[in-house]
Structure formats: C-alpha cells, structure tokens
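Inspection log for the structure reproduced underneath, given as structure tokens.
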Amino acid sequence: MSGPPPHDPDGSDSRVIAHSLEQPEVFARLYDRYAADIHRYAARRLGEHAADDITADTFLTAFRVRGRYDTARASARPWLYGIAAHLIGKQRRTEVRALRALARTGHDPVAATWVEDTENRIAAQGPLADALAALSAADRHVLLLVAWADLTYQDVAEALGIPVGTVRSRLNRARRKVRAALGADPAFVTDVDVAEVVRP
C-alpha cells in the first residue's frame with residue numbers, strides 16, 4: 001500500500017486530504033498544522049474577533065472543497081491562505097476603514113493586534129497604514145501574503161490562482177507605492193525585501 005495510513009501524523013498535506021475523503025476526521029490534522037498561522041494573518045488584517053470567523057470559515061470551506069484539491073501539491077499552506085485571502089477580500093471595506101483610522105489617529109482596534117503600542121511605532125505605522133489602504137485589493141493581497149504570511153511568489157500564485165508573473169508585477173507596483181509613501185525613492189526600489197517595508 002502506498003502512502004501513510006490515515007492516522008499517520010507525519011503524512012504530507014496532500015495525503016492527509018486524500019485520506020480525509022474516506023475518513024473525514026483526518027482533515028483535523030490540517031487545522032492543527034495551520035490554524036494558528038491563518039488566525040495570526042487574519043488578525044493582522046481584520047482584528048482578533050474577525051480572525052476567529054475567518055479561520056473557522058477557511059477550514060470549513062477547505063473541508064467542503066477538499067475533493068478538488070490538487071494532490072500533486074504536497075503542502076496545503078498556499079491553498080489555505082488563498083481561501084483566507086478570498087474571505088478577507090469580502091471584508092475589504094472593513095480593512096480599508098481600519099487602515100484609514102490608524103493613519104489618521106494612530107489608534108485602531110484592528111491595528112492594535114499587530115502594532116506595538118508605543119508612540120514611535122504608531123507614528124511610523126500611520127504612513128504605512130495609509131499606503132496599504134490606498135492599494136488595490138489585489139495588490140494588497142499579494143503584498144501581505146509575501147510580507148506577513150511568508151509565502152513565496154509561487155505560493156502566492158497558487159493561493160490566488162494567478163500566474164507568477166502577475167504576482168511579480170503586483171508586488172513590484174505595491175512595493176513602489178508603499179516605499180514612496182514611506183519616503184523612499186521608488187526609482188531605487190528593485191529587489192528590496194518587501195517584508196522589511198511592511199512587516200510590523
């Protein structure tokens with residue numbers, strides 16, 4: 001028999017998903033592996049309360065559509081982040097409102113989940129929050145999946161169902177806008193790690 005038995009905790013994500021088609025309870029292993037990461041990412045974007053719902057809905061959606069998962073992909077991490085990003089995208093107005101509030105006042109319930117509560121940090125986050133709010137939803141997804149979820153370009157492409165070239169162009173555009181908003185000369189933005197620009 002090929003592949004680990006369903007109870008094998010070391011099975012790849014794709015094997016866990018495949019086994020879960022016959023033994024649904026096995027799918028809980030993916031929750032155990034990734035729920036904390038998905039929750040952290042959602043909390044940074046929408047706040048703790050919304051993150052609870054986003055995390056639950058991400059895994060519920062993943063469970064419902066697991067039969068369509070491409071088992072050639074050993075890791076389900078990009079797939080799960082893609083589902084979370086889609087759900088976060090449905091609350092785009094909430095996210096933009098929160099970012100604008102942070103940019104104006106330096107105080108916001110959403111921002112409080114990922115910004116250290118110091119005057120200097122808040123002052124630095126104001127222009128950043130404003131720049132993030134000004135990005136298109138598509139560009140913001142790419143930027144934050146790279147910077148906050150630590151996904152590779154290929155992972156982001158898989159997560160969002162777009163070509164790697166599109167990931168690169170959206171990331172470059174977002175990087176230029178954010179760095180310009182933070183006072184850097186966009187003409188010199190080439191391969192600067194975007195995580196250095198937007199990671200809290």
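This structure is a prediction, so every number in the text was calculated from the model and none was measured.
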Hphob cluster co-occupancy, Tyr41 + Leu60, side-chain heavy atoms under 4.5 angstrom:
no
Is there a side-chain contact (heavy atoms from CB on, under 4.5 Å) between Asp155 and Leu145? Walk through the geometry before answering.
CA-CA 9 Å; Asp155 289 342; Leu145 284 170; over 6 Å; no
Determine the minimum heavy-atom distance between Asp13 and Ala76, stating which atoms define it.
OD2-N, 2.8 Å
Quick one: which residue pairs count as a side chain to side chain donor-acceptor pair (under 3.5 Å) with a foot in residues 50-59, not counting sequence neighbours?
His39-Asp52
For Arg173, enumerate each residue passing the side chain to side chain contact (heavy atoms under 4.5 Å, CB included) test, keeping only those at least two apart in sequence or located in another chain.
Asp139, Arg170, Arg176, Lys177
Taking the side chain as every heavy atom from C-beta outward, state whether Phe59 and Leu80 have any atom pair closer than 4.5 Å.
yes
Could you pull out all residues at least two apart from Tyr34 that satisfy ring-ring contact (aromatic ring centres under 6.0 Å, His included)?
none
Qualifying residues under side chain to side chain contact (heavy atoms under 4.5 Å, CB included), relative to Ala137, sequence neighbours excluded
Arg92, Arg140
What are the two closest non-hydrogen atoms of Val164 and Ala157, and how far apart are they?
CG2-CB, 3.8 Å
Hydrophobic clusters here meaning ILVMFWY residues chained together by side-chain heavy-atom distances under 4.5 Å, can you tell me if Val65 and Leu87 are in one?
yes
Can you find a pair of side-chain heavy atoms, one from Leu143 and one from Leu132, that are under 4.5 Å apart?
yes
OH (Tyr31) with more than 12 external heavy atoms under 6.0 Å:
no
Side-chain ion pair, Asp37 and Arg40, N-O less than 4.0 Å:
yes
Quick one: list whatever passes ring-ring contact (aromatic ring centres under 6.0 Å, His included) with Tyr153, sequence neighbours left out.
none
Atom CG in Leu135, atom NE2 in His141: separation rounded to 0.5 Å?
11.5 Å
Could you tell me if the side chain of Phe27 sits less than 4.5 Å from the side chain of Val16, heavy atoms only?
no
Which atom of Ala43 lies closest to which atom of Ala51, heavy atoms considered:
N-CB, 3.4 Å
Interatomic spacing from CD1 in Ile88 to OH in Tyr81 - rounded to 0.5 Å:
9.5 Å
Distance (rounded to the nearest 0.5 Å) between Leu151 CG and Glu158 CD
9.5 Å
Compare all side-chain heavy atoms of Leu160 with those of Thr166 and state whether any distance is below 4.5 angstrom.
no
Same cluster or not: are Leu21 and Val26 linked, directly or through other Ile, Leu, Val, Met, Phe, Trp or Tyr residues, by side-chain heavy atoms under 4.5 angstrom apart?
no
CD (Glu25) with more than 12 external heavy atoms under 6.0 Å
yes
May I have all residue pairs that pass side chain to side chain donor-acceptor pair (under 3.5 Å) and include part of residues 69-78, sequence neighbours excluded?
none
Side-chain (Arg66) to main-chain (Ser20) donor-acceptor, under 3.5 angstrom
yes
